[in-house]
Amino acid sequence: MTVRQPRPILITGGGRRIGLALAHHFLDQQQPVIVSYRTHYPAIDALRDAGAVCLAADFSTDEQILAFAEAVKHHAADGLRAIVHNASDWMAEKPGVPLTTVLACMMQIHVHVPYLLNHALETLLRGHGHAASDIIHITDYVVERGSDKHIAYAASKAALDNMTLSFARKLAPEIKVNAVAPSLIMFNEGDDAEYRQQALDKSLMKSVAGEKEIVDLLDYLFTSRFVTGRSFAVDGGRHLR
């Protein structure tokens, strides 16, 4: 008797931070994983050693996005369990960088990529039963408040948040679509003590969440047979400050 293998989870931007933590978590559960990466880090080799399919991807043009979708289809012929749109960039408006460049870059990675991949890979998510597949959009706390220094970034993440609603309507009841809006999940190595304290002071919880908060939330959303079209803030109560 042939045992059907679990359908893989696709994680864009899986080479660092939250994406990397999610990839290792699912691999530890014997769940096949496909990750995209823009820059090769040693962590990519570790993921490959753990069994992940790691695909280099440049999402700077729509043609490259669609080419990546074809590569995913090759590795997921029996379907996908989920897509986690984690690939992201953080570009500020600053002197010397044309505003059109900033806006185009932010919209490309946060809007074009999930929009095109959701459409291109829809058939891989369908046909597996009621609420049997998931799409997760990783947005940002700034969707709520905006950002005077990262206007294009905030606007593009807000567009991604809105697409959560539209794709949830389009793809139900087979596919659940939800968003996760994090803030201060983890510091960067170069963040100094003053910056860290200022960041902590913006949160009611006065702590850094760590990747496990996101991992646990996705476990819940994947298990749910009912929740769709919602955005889940993981921000330590910043909205109450």
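All heavy atoms count here, side chains included; hydrogens, waters and symmetry mates do not.
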Set of salt bridge (Lys or Arg N to Asp or Glu O under 4.0 Å) partners for D219, sequence neighbours left out: none
Those residues that, when tested against S60, pass side chain to side chain donor-acceptor pair (under 3.5 Å) (two or more places apart): D58, Q64
Shortest non-hydrogen contact from S36 toward G13: OG-N, 2.9 Å
Side-chain atoms of residues 45-55: list all donor-acceptor pairs with protein atoms under 3.5 Å, sequence neighbours left out, distances to 0.1 Å.
residue	atom	partner	partner atom	Å
D45	OD1	H40	NE2	3.0
R48	NH2	Y37	OH	3.3
R48	NH2	C54	O	3.1

Between NE2 on residue H25 and CG on residue L20, distance to nearest 0.5 Å: 13.5 Å
Stepwise side-chain contact (heavy atoms from CB on, under 4.5 Å) check, D134 with I175: CA-CA 5 Å; D134 286 90; I175 306 163; 5.8 Å; no
Rounded distance [0.5 Å steps], CE in M91 versus NE2 in H150: 10.0 Å
Atom of A181, atom of S231 and distance for their closest heavy-atom approach: CB-OG, 4.1 Å
Euclidean distance, I136 CD1 relative to H85 NE2, rounded to 0.5 Å: 9.5 Å
Ring center gap for F167 and H119 short of 6.0 angstrom: yes
Side-chain touch F68/L121, heavy atoms, less than 4.5 angstrom: no
For A132 against R81, the heavy-atom pair lying closest together: O-NH1, 3.3 Å
Which atom pairs, one a donor and one an acceptor, fall under 3.5 Å between side chains of residues 93-106 and the rest of the protein, sequence neighbours left out?
residue	atom	partner	partner atom	Å
E93	OE1	I151	N	2.9
E93	OE2	I151	N	3.4
E93	OE2	A152	N	2.8

I44 side chain near R16 side chain, heavy-atom distance below 4.5 Å: no
H128 versus S133, side-chain donor and acceptor atoms under 3.5 Å: no
Listed once per pair and sorted, the salt bridge (Lys or Arg N to Asp or Glu O under 4.0 Å) pairs that draw on residues 148-173, sequence neighbours left out: E122-K170
Spatial distance of atom CZ (R7) from atom CG (L125) [nearest 0.5 Å]: 7.5 Å
Transitive ILVMFWY side-chain link V143 to I109, under 4.5 Å: no
Sequence-distant partners of E63, salt bridge (Lys or Arg N to Asp or Glu O under 4.0 Å), two or more places apart: none
Over all atoms of both residues, closest heavy-atom pair of T12 and L117: CG2-CD1, 4.2 Å
For T139, side chain to side chain donor-acceptor pair (under 3.5 Å) partners two or more places apart: none
Listed partners of E174 passing salt bridge (Lys or Arg N to Asp or Glu O under 4.0 Å), at least two apart: R126
Spacing of L160 atom CG and H137 atom NE2 [to the nearest 0.5 Å]: 5.0 Å
Value rounded to 0.5 Å, distance of CD1 in I214 from CZ in F232: 11.5 Å
Y141, OH: over 12 other non-hydrogen atoms inside 6.0 angstrom: yes
Side-chain heavy-atom pair I65, Q108 within 4.5 angstrom cut-off: yes
By side-chain contact (heavy atoms from CB on, under 4.5 Å) - contacts of A159 (at least two apart): V111
V234 and S183, any side-chain heavy atoms less than 4.5 Å apart: no
Mutual orientation of the aromatic rings belonging to F26 and F222 [parallel < 30°, tilted 30-60°, perpendicular > 60°]: parallel
Side chain to side chain donor-acceptor pair (under 3.5 Å) partners for D140, two or more places apart: Y153
Pairwise side-chain contact, N178 with K176, heavy-atom cut-off 4.5 Å (strictly under): yes
Check: N118 and I135 side chains under 4.5 Å, non-hydrogen atoms: yes
Heavy-atom closest contact (Y41 atom, G15 atom, distance): CD1-O, 4.1 Å
Counterpart residues, side-chain contact (heavy atoms from CB on, under 4.5 Å), relative to D78 (two or more places apart): R4
Sub-4.5 Å side-chain heavy-atom contact between V33 and P8: no
Listed partners of D89 passing salt bridge (Lys or Arg N to Asp or Glu O under 4.0 Å), at least two apart: R38
Derivation and outcome, side-chain contact (heavy atoms from CB on, under 4.5 Å), residues L218 and V180: CA-CA 9 Å; L218 260 63; V180 174; 3.9 Å; yes
Expected output: side-chain S147 to main-chain V142 donor-acceptor under 3.5 Å: no
Derivation of the side-chain contact (heavy atoms from CB on, under 4.5 Å) call for V72 and L80: CA-CA 9 Å; V72 170; L80 285 171; 4.1 Å; yes
4.5 Å side-chain heavy-atom contact, I11 and I34: no
Shortest non-hydrogen separation from R225 to A131 and the atoms involved: NH1-O, 3.3 Å
Neighbour count above 12 (heavy atom, 6.0 Å) for R145 CZ: no
